[in-house]
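Numbering starts at 1 and runs along the sequence shown.
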Amino acid sequence: MKRTMAVVAAAALLLTGCGGDPLKGGGGAAGGQIVIGSADFSESELLMHIYAGALTNAGVQVTTKPRVGSREVLVKALQDKSLAVVPEYSGNLLQYFDKQNPAAQPDEVTAALKQKVPSGLEVLEKSAAEDSDALVVSKELAGQGVKSIADLGPKCSQYVLGAAGEWKDRWPAKLTQLYGCTFKEIKTTDAAGPVTVEALKSGQVQVANLFTTASAITANGFVALADPKRLYPAQNILPLIRSEALDAKGKEALNKVSAALTTDKLIALNKRIEIDKETVADVAKEFVTQNKL
């Protein structure tokens with residue numbers, strides 16, 4: 001695993017066309033090199049590399065810092081200027097800044113988010129690509145009539161959920177409120193990655209929190225449960241930046257990325273990484289080239 005991450009990191013530097021130490025500061029429009037970070041899962045790392053490639057082509061000096069951590073860590077890093085740009089998801093980011101905000105549909109989520117982002121930070125244009133959290137079950141459990149979270153609700157006390165560590169700080173109260181669902185146990189796995197997938201495959205957990213663009217859902221015959229009451233709000237992908245870090249040209253480069261991304265494209269890109277085992281940096285570089293970003 002360490003060797004793989006080293007290869008990815010090296011590829012990232014080739015993609016962004018720069019050197020330097022990404023730990024020495026986020027930089028800015030007037031301060032030379034900027035640092036783009038990602039959360040601790042492959043799709044976020046993919047988006048980080050796509051942003052880096054687009055900004056490099058726009059003349060911005062960029063370096064990357066993959067797998068920084070959770071949203072809590074990333075937002076703090078933007079605010080302390082150790083990062084300049086991170087890929088984000090509109091609904092979860094809004095909930096982070098305003099836990100009680102009821103916005104659920106894409107446009108209303110983005111409009112509310114723009115009002116709630118702290119001073120000094122900024123969200124750019126959202127993409128059509130949406131990657132929501134989803135509660136996922138095995139084909140066998142779905143075959144027993146569990147097709148939506150509403151079906152799951154009365155039975156939750158029988159089941160163990162596998163999810164990233166931060167899940168239990170964000171969603172249990174709302175899940176109970178909307179669906180009457182309180183799990184027997186919430187087992188910490190990873191952020192919708194291979195640990196979570198394996199836990200569901202092996203029966204260590206009966207329900208897993210995965211992302212709707214995850215290739216593992218189709219590959220393993222899992223079923224993503226419908227969410228009629230909107231436990232999870234719309235999750236359009238968009239850049240979260242430190243406002244001073246990018247000039248108008250840099251922001252426009254990222255807006256062009258958002259215009260090029262669709263959910264179907266993102267699913268295909270994830271498959272190449274998760275199933276076909278291509279490197280994240282190579283997949284990102286090809287996307288940037290093909291879409292003339």
Do [X] and [Y] sit in the same hydrophobic cluster, where Ile, Leu, Val, Met, Phe, Trp and Tyr count as joined when their side-chain heavy atoms come under 4.5 Å apart?
{"X": "Phe41", "Y": "Val85", "answer": "yes"}
{"X": "Val280", "Y": "Val195", "answer": "no"}
{"X": "Val117", "Y": "Leu74", "answer": "yes"}
{"X": "Leu225", "Y": "Val136", "answer": "no"}
{"X": "Met48", "Y": "Leu124", "answer": "yes"}

Hey, does the side chain of [X] reach the backbone of [Y] with a donor-acceptor pair shorter than 3.5 angstrom?
{"X": "Ser202", "Y": "Ala199", "value": "yes"}
{"X": "Asp98", "Y": "Leu94", "value": "no"}
{"X": "Ser127", "Y": "Ala129", "value": "yes"}
{"X": "Asp227", "Y": "Tyr232", "value": "yes"}
{"X": "Glu122", "Y": "Ile241", "value": "no"}
{"X": "Lys187", "Y": "Gly162", "value": "no"}
{"X": "Lys184", "Y": "Tyr159", "value": "no"}

Side chain proximity check, [X] to [Y], heavy atoms < 4.5 angstrom:
{"X": "Pro118", "Y": "Phe97", "result": "yes"}
{"X": "Glu130", "Y": "Ile237", "result": "no"}
{"X": "Leu47", "Y": "Leu261", "result": "yes"}
{"X": "Asn291", "Y": "Lys265", "result": "yes"}
{"X": "Tyr96", "Y": "Val75", "result": "yes"}
{"X": "Val123", "Y": "Thr110", "result": "no"}
{"X": "Ile34", "Y": "Leu246", "result": "yes"}
{"X": "Val207", "Y": "Leu200", "result": "no"}

Identify the two heavy atoms, one from [X] and one from [Y], that lie closest to each other, and give their separation to 0.1 Å.
{"X": "Thr64", "Y": "Ala52", "answer": "CG2-CB, 3.8 Å"}
{"X": "Ala191", "Y": "Ala164", "answer": "CA-CB, 3.7 Å"}
{"X": "Ala253", "Y": "Leu55", "answer": "CB-CD2, 4.2 Å"}
{"X": "Ala260", "Y": "Phe287", "answer": "O-CZ, 4.0 Å"}
{"X": "Ala234", "Y": "Val109", "answer": "O-CG1, 4.1 Å"}
{"X": "Pro66", "Y": "Ser38", "answer": "CA-OG, 3.5 Å"}

Between [X] and [Y], does at least one N-O distance fall below 4.0 Å, as a salt bridge requires?
{"X": "Lys251", "Y": "Glu125", "value": "no"}
{"X": "Glu244", "Y": "Lys81", "value": "yes"}
{"X": "Arg170", "Y": "Glu72", "value": "yes"}

For this session: Pick out which of Leu161, Thr182, Ile186 makes a side chain to side chain contact (heavy atoms under 4.5 Å, CB included) with Pro172.
Result: Ile186

Problem set entry | Result of checking Leu46, Val257, Leu293 against Tyr51 for side chain to side chain contact (heavy atoms under 4.5 Å, CB included) |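 Passing option: Val257.
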
Between [atom1] of [X] and [atom2] of [Y], what distance do you get to the nearest 0.5 Å?
{"X": "Ser132", "Y": "Arg230", "atom1": "OG", "atom2": "CZ", "value": "7.0 Å"}
{"X": "Thr279", "Y": "Ile273", "atom1": "OG1", "atom2": "CD1", "value": "8.0 Å"}
{"X": "Phe211", "Y": "Asp133", "atom1": "CZ", "atom2": "CG", "value": "5.5 Å"}
{"X": "Asn236", "Y": "Lys126", "atom1": "CG", "atom2": "NZ", "value": "5.5 Å"}
{"X": "His49", "Y": "Ser44", "atom1": "NE2", "atom2": "OG", "value": "10.0 Å"}
{"X": "Glu108", "Y": "Asn101", "atom1": "CD", "atom2": "CG", "value": "8.5 Å"}

Problem set entry | Neighbour count >12 (heavy atoms, 6.0 Å) for atom NZ, Lys155 |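 Correct, the count exceeds 12.
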
Exercise. Counting heavy atoms not belonging to Lys256, are there more than 12 under 6.0 Å from its NZ?
Worked result: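 No.
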
Problem set entry | Candidate pair Leu231 and Ile149, rule side-chain contact (heavy atoms from CB on, under 4.5 Å), full reasoning | CA-CA 9 Å; Leu231 170 66; Ile149 306 178; 4.3 Å; yes

For this session: Give me the one residue out of Asn92, Thr212, Thr213 that meets side chain to side chain donor-acceptor pair (under 3.5 Å) with Gln235.
Result: Asn92

Problem set entry | Residue of the set Arg71, Glu43, Gln95 for which side chain to side chain donor-acceptor pair (under 3.5 Å) holds with Tyr89 | Glu43

Can [X] and [Y] be counted as having a side-chain donor-acceptor contact under 3.5 angstrom?
{"X": "Ser70", "Y": "Glu166", "result": "no"}
{"X": "Tyr179", "Y": "Asp151", "result": "no"}
{"X": "Ser82", "Y": "Asp80", "result": "yes"}
{"X": "Thr196", "Y": "Thr189", "result": "yes"}

For this session: Could you walk me through whether Arg242 and Leu121 pass side-chain contact (heavy atoms from CB on, under 4.5 Å), step by step?
Result: CA-CA 4 Å; Arg242 200 174 72 254; Leu121 303 185; 4.3 Å; yes

For this session: Check step by step if side-chain contact (heavy atoms from CB on, under 4.5 Å) holds for Leu238 and Leu254.
Result: CA-CA 9 Å; Leu238 76 181; Leu254 293 184; over 6 Å; no

For this session: Apply the test side chain to side chain donor-acceptor pair (under 3.5 Å) to residues Glu274 and Ser215: give CA-CA distance (whole Å), side-chain angles for both, the deciding distance (0.1 Å), then the verdict.
Result: CA-CA 7 Å; Glu274 297 167 356; Ser215 55; 2.4 Å; yes

For this session: Decide side-chain contact (heavy atoms from CB on, under 4.5 Å) for Gln158 and Gln206; before the verdict, give the C-alpha distance in whole Å, the side-chain angles of both, and the deciding distance to 0.1 Å.
Result: CA-CA 9 Å; Gln158 304 173 36; Gln206 293 74 52; over 6 Å; no

